[in-house]
Amino acid sequence: MTDSKPTANFIRNIIDEDLKNGKNDGRVVTRFPPEPNGYLHIGHAKSICLNFGIAQQYGGSCNLRFDDTNPVKEDVEYSEAIKADVSWLGFEWNELHHASDYFDQLYDFAVQLIKADKAYVESSSAEEMRTMRGTLKEPGTPSPFRDRTIEENLDLFERMKNGEFDDGEHVLRAKIDMASGNINMRDPTLYRIRKVEHMRTGDKWSIYPMYDYTHCVSDALEHITHSLCTLEFEDHRPLYDWVLDELQTPSHPQQIEFARLSLEHTMLSKRRLIQLVEENLVDGWDDPRMPTIIGLRRRGFTPEALRDFCDRIGITKNDAWIEMSVLETCMRDHLNRDAHRRMGVLDPIKVVITSLDDNHEQELTFSNHPQDESAGSRPIPFTKEVYIDSDDFSEDPPPKYQRLVPGGEVRLRGCYVIKCNEVIKDESGKVVELHCTHDPDTLGKKPEGRKVKGVVHWVSAKYGVPAEIRLYDRLFTDVNPAKAENFADAINPDSRTIMASAIVEPSLASAEPETHFQFERLGYFVSDRHDHKPGNAVFNRAVTLRDTWAK
RNA sequence: UGGGCCGUCGCCAAGCGGUUAAGGCACCGGGUUUUGAUCCCGGCAUUCGGAGGUUCGAAUCCUCCCGGCCCAGCCA
């Protein structure tokens, strides 16, 4: 996995062409403009990687800008979380801005529009405006307020700003074309009255600019060259251009739209995500099953893997659905390369090696990474009693089973070959202990005269450390849960399995929170960044190992 | 004839008038292996939503048709 040469896409082609033609004096400036009204998810990661990635590739820059134009939905809790997520993903913004930084300029520009007779104060109700807007197939009708004099508009707008009116009494509209086939051009609202505390400007303003008016002006003020956004804004581009043309801003960024991310078995609508959290269907925004950046992080995904993912899925205008396997592969690729190997047993079953002395103790040396010598090694104690995973033993094995069976042999990973001689059960018939003997001539060498194919991970019963291991699966069984009648019903009942009695090798007790490991034969895990502490080992499984054994 | 946009392998995606139609994921073999992992090697679209047309030559240009997505917030 490398972050080198990103795949070609239509946006890079446009930029290449612009550069060739000397447009923007060879500058490339992008921006990532989230509204601070929630947590970022993997769909935002796509946009972040695109915007910051293009800036990097072309030696340009990328700004982080909070689109904080609707004070009723926004909060600094979110803007702080967003900054943390962007940084964690590995990107540095050039400038940090807020749309609210431009409120004064935006107001002056609005006055300019009024003076040019390109904007007017509308005093109809929202209801009436909707009626007059017409429908998709029928043109709208002009408002009776459309022909107010410039002086009257100026006066009213100033009084709106001064707080003389209540929410909903008036609105400032652009004067464009009520008959346009594009509904966004039927005199769109530019300003509305909102007597609400703003997260940054407090109660200074009682009017707030709308997205369509704010975004293009903000882009222009920051001298953005390429304003990248998602497909649903295609219809807004004529308005974006109209505003900048009317205002004759010195800079006129080019808006380019690309398809948003759709990932199978998950759902990226902010509204639905909020619902998951509020209805306690998950544990919060950072629940490891959430597609939020913070959730993916806690699950054990890495910035490298997420960046690789964004590069692999590409940028187009197709409504594409990405299979989970792509994300999982990115995760495995990265951690296969970087994660140190460890052993842990999820559901322990005791193995007594009867051929060993009661107090047998042996220190074995395990490589941290079989393909990377530089990763070093760590000691692992071997004792008479060890634990193996319960599904690595079977009295009634399925075909091609390569693990331990009564009378059979298996290799304890990095240790001896053992043979199962006796199966101990409790009153209910449950297997509680296996009595085995070891072949002393198999440490570091193949057994004589026979083949032992199976290898099983294990932990010393005496030195193993108790741990809680959380296993995760997709949150939704449906490919597209958003389409389910009641999406809560689409939740996978087995999306989380807690293995409360797991035992892990001693070296893991001292692992720092948020350290990634491969537990051999089980998958990639991370020590939980919140719950993992000395004396309380907690690991989350990000993804299993690839498994080609037909189960 | 409201307006805008999209259709290349099961899923993504390069390709921009002349290529044997890249690559990744998935899948199917085979080899290595003390992780049923990794790694390696091989297979996987005579065809680009369909039909016409232009051209010596079309996935790439034109026309029509079919299928899908977005838009009627004082949300972004």
Side-chain angles (χ1 to χ4, degrees), chain A residues 7-10 13 33-35 37 67-70 72-74 122 124-127 129-131 133-140 167-173 179-186 188-194 207-208 210-212 214-215 229-238 257 259 264 270 311-330 332-333 336-337 341 343 369-371 400-403 410-415 417 442-446 452-457 518-523 544-551:
Chain A
T7 350
N9 63 52
F10 79 102
N13 291 347
E35 181 187 15
N37 69 341
D67 238 316
D68 55 350
T69 56
N70 186 359
V72 307
K73 295 165 68 181
E74 297 148 4
E122 170 66 73
S124 305
S125 67
E127 194 67 31
M129 277 176 68
R130 175 153 47 79
T131 307
R133 192 155 32 233
T135 69
L136 292 179
K137 295 187 177 176
E138 299 155 34
D167 289 16
E169 278 194 71
H170 306 284
V171 106
L172 184 74
R173 300 178 81 170
S180 173
N182 182 347
I183 291 182
N184 294 297
M185 299 300 270
R186 317 235 266 230
T189 299
L190 265 23
Y191 269 91
R192 76 289 216 187
I193 299 171
R194 278 263 198 291
I207 56 172
Y208 292 93
M210 298 288 287
Y211 164 86
D212 282 309
T214 309
H215 205 90
C229 62
T230 43
L231 248 28
E232 67 271 26
F233 291 103
E234 278 178 317
D235 289 343
H236 296 240
R237 193 174 58 228
E257 312 84 11
E264 289 188 353
K270 202 168 267 181
D311 190 46
R312 291 196 202 202
I313 61 177
I315 299 291
T316 65
K317 299 182 81 132
N318 298 341
D319 297 304
W321 277 83
I322 309 297
E323 293 177 347
M324 249 327 164
S325 62
V326 181
L327 219 205
E328 292 174 345
T329 294
C330 293
R332 293 185 184 118
D333 275 7
N336 173 56
R337 190 194 68 199
R341 304 304 97 138
M343 290 200 291
H369 192 119
Q371 280 86 233
K400 303 229 175 126
Y401 190 76
Q402 297 179 3
R403 310 170 193 182
V410 81
R411 156 88 61 189
L412 289 181
R413 163 113 254 229
C415 191
V417 168
T442 54
L443 185 61
K445 49 175 128 161
K446 294 195 186 334
V452 174
K453 211 170 182 194
V455 178
V456 140
H457 54 95
Q518 182 200 90
F519 285 6
E520 295 205 61
R521 305 209 309 134
L522 295 177
T544 62
L545 252 32
R546 189 159 165 267
D547 184 7
T548 49
W549 186 51
K551 283 229 168 182

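Just so we're on the same page: letters track the sequence lines, and every chain starts at 1. Small disclaimer: the values here were computed from a predicted structure and weren't measured.
Listed for the A:Arg341 side chain is no donor-acceptor partner under 3.5 Å among the backbone atoms of A:Glu520. A:Arg411 contributes a side-chain N or O that, together with a main-chain N or O of A:Thr442, makes up a donor-acceptor pair within less than 3.5 Å. Judged by distance alone, the side chain of A:Arg192 and the main-chain N or O of A:Gly168 form no donor-acceptor pair under 3.5 Å. For A:Asn184 (side chain) and A:Asp235 (main-chain N/O), a donor-acceptor pair under 3.5 Å exists by modelled atom type. Looking at A:Glu323, its side chain never comes within 3.5 Å of a backbone N or O of A:Ser325 through a donor-acceptor pair.
Looking at A:Asp319 and A:Leu231, their side chains come closer than 4.5 Å, going by heavy atoms from C-beta outward. Side-chain contact between A:Thr69 and A:Glu35 is absent, with no heavy atoms from C-beta onward closer than 4.5 Å. Between A:Pro188 and A:Met210 the shortest side-chain heavy-atom distance does not fall below 4.5 Å. A:Glu264 is not listed as a side-chain neighbour of A:Met324, based on a closest heavy-atom distance of 4.5 Å or more.
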| task | Apply side-chain contact (heavy atoms from CB on, under 4.5 Å) to the pair A:Arg173 and A:Met129, showing each step before the final yes or no. | result | CA-CA 11 Å; A:Arg173 300 178 81 170; A:Met129 277 176 68; 3.6 Å; yes

| request: May I have the step-by-step check of salt bridge (charged side-chain N to carboxylate O under 4.0 Å, His left out) for A:Arg237 and A:Glu234, ending in yes or no? | output: CA-CA 5 Å; A:Arg237 193 174 58 228; A:Glu234 278 178 317; 5.5 Å; no

| task | Mind running side-chain contact (heavy atoms from CB on, under 4.5 Å) on A:His457 and A:Phe519 for me, showing each step along the way? | result | CA-CA 9 Å; A:His457 54 95; A:Phe519 285 6; over 6 Å; no

Are there any protein N/O atoms within less than 3.5 Å of an N/O atom in nucleotides 70-72 of chain B, and if so, which ones and at what distance?
from, atom 1, to, atom 2, distance (Å)
B:A72, O2', A:Arg133, NE, 3.1

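Heavy-atom nearest nucleotides on RNA chain B were determined for A:Val326 and for A:Asp68, and the one closer to the 5' end corresponds to A:Val326.
Comparing B:C28 with B:U33, their P atoms are spaced 23 Å from each other, to the whole Å. With both ends at atom C1', the span from B:G24 to B:C65 equals 34 Å, rounded to whole Å. Nucleotides B:G29 and B:A58 have their P atoms positioned 39 Å apart, rounded to a whole Å. One C1' atom belongs to B:U47, the other to B:A59, and the distance between them is 9 Å to the nearest Å. For the P atom pair drawn from B:G67 and B:A76, the interatomic distance equals 36 Å after rounding to whole Å. Comparing the same atom, P, in B:C9 and in B:G49 gives a spacing of 8 Å after rounding to whole Å. With both ends at atom P, the span from B:G2 to B:C11 equals 32 Å, rounded to whole Å. Using P as the reference atom, B:U38 and B:A26 are 9 Å apart when rounded to the nearest Å.
For B:G15, the glycosidic angle deviates from 0 by more than 90°, giving an anti base.
Taking atom CD of A:Glu74 as the reference point, atom P of B:C75 lies 11 Å away to the nearest angstrom. Taking atom CE on A:Met324 and atom C1' on B:C25, their separation rounds to 14 Å, with Å as the unit. Protein atom CZ of A:Arg173 is 11 Å distant from nucleotide atom P of B:G73, rounded to whole Å. Distance CD (A:Glu328) to C1' (B:C11): 13 Å, rounded to an integer number of Å. Across the protein-nucleic acid pair, A:Leu327 atom CG and B:C25 atom P stand 14 Å apart, rounded to whole Å.
In a base pair of the Watson-Crick type (N1 to N3 plus N6-O4 or O6-N4) or a G-U wobble (N1-O2 and O6-N3), with each distance short of 3.5 Å, B:A22 is matched with no nucleotide. If you check B:U55 for Watson-Crick or wobble pairing at under 3.5 angstrom, you find it has no partner at all. Figure legend. B:G7 is base-paired to B:C66; pairs are counted as Watson-Crick or G-U wobble with both atom distances under 3.5 Å.
For B:G2, its base never sits under 3.5 Å from the side chain of A:Glu138 at any donor and acceptor pair.
A:Met129 comes within contact range of at least one nucleobase, with a heavy-atom separation under 4.0 Å. Note on A:Ser125: a base of the nucleic acid sits closer than 4.0 angstrom, heavy atoms only. At the heavy-atom level, A:Glu323 lies under 4.0 Å from base atoms of the strands shown. A:Ser124 comes within 4.0 angstrom of a nucleotide base, judged by non-hydrogen atoms across all strands.
Side-chain N/O atoms of A:Thr230 and A:Glu232 include a donor and acceptor closer than 3.5 Å.
OP1 or OP2 of B:A26 lies within a sub-4.0 Å distance of a side-chain N or O belonging to A:Thr329. Contact between the side-chain N/O atoms of A:Thr189 and the OP1/OP2 oxygens of B:C74 is found at a separation under 4.0 Å.
Taken from CG in A:Leu522 to OG1 in A:Thr544, the straight-line distance is 10.0 Å, to the nearest 0.5 Å.
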| Summary of protein contacts for nucleotides 12-22 of chain B, nucleotide by nucleotide, where a base hit scores B, a sugar-phosphate-only hit scores S (4.0 Å, heavy atoms) | SSSSB------

| request: Would you give a per-nucleotide map of nucleotides 32-39 of chain B, 5' to 3', where B means the base has a protein non-hydrogen atom under 4.0 Å away, S means only the sugar-phosphate does, and - means neither? | output: --BBBBB-

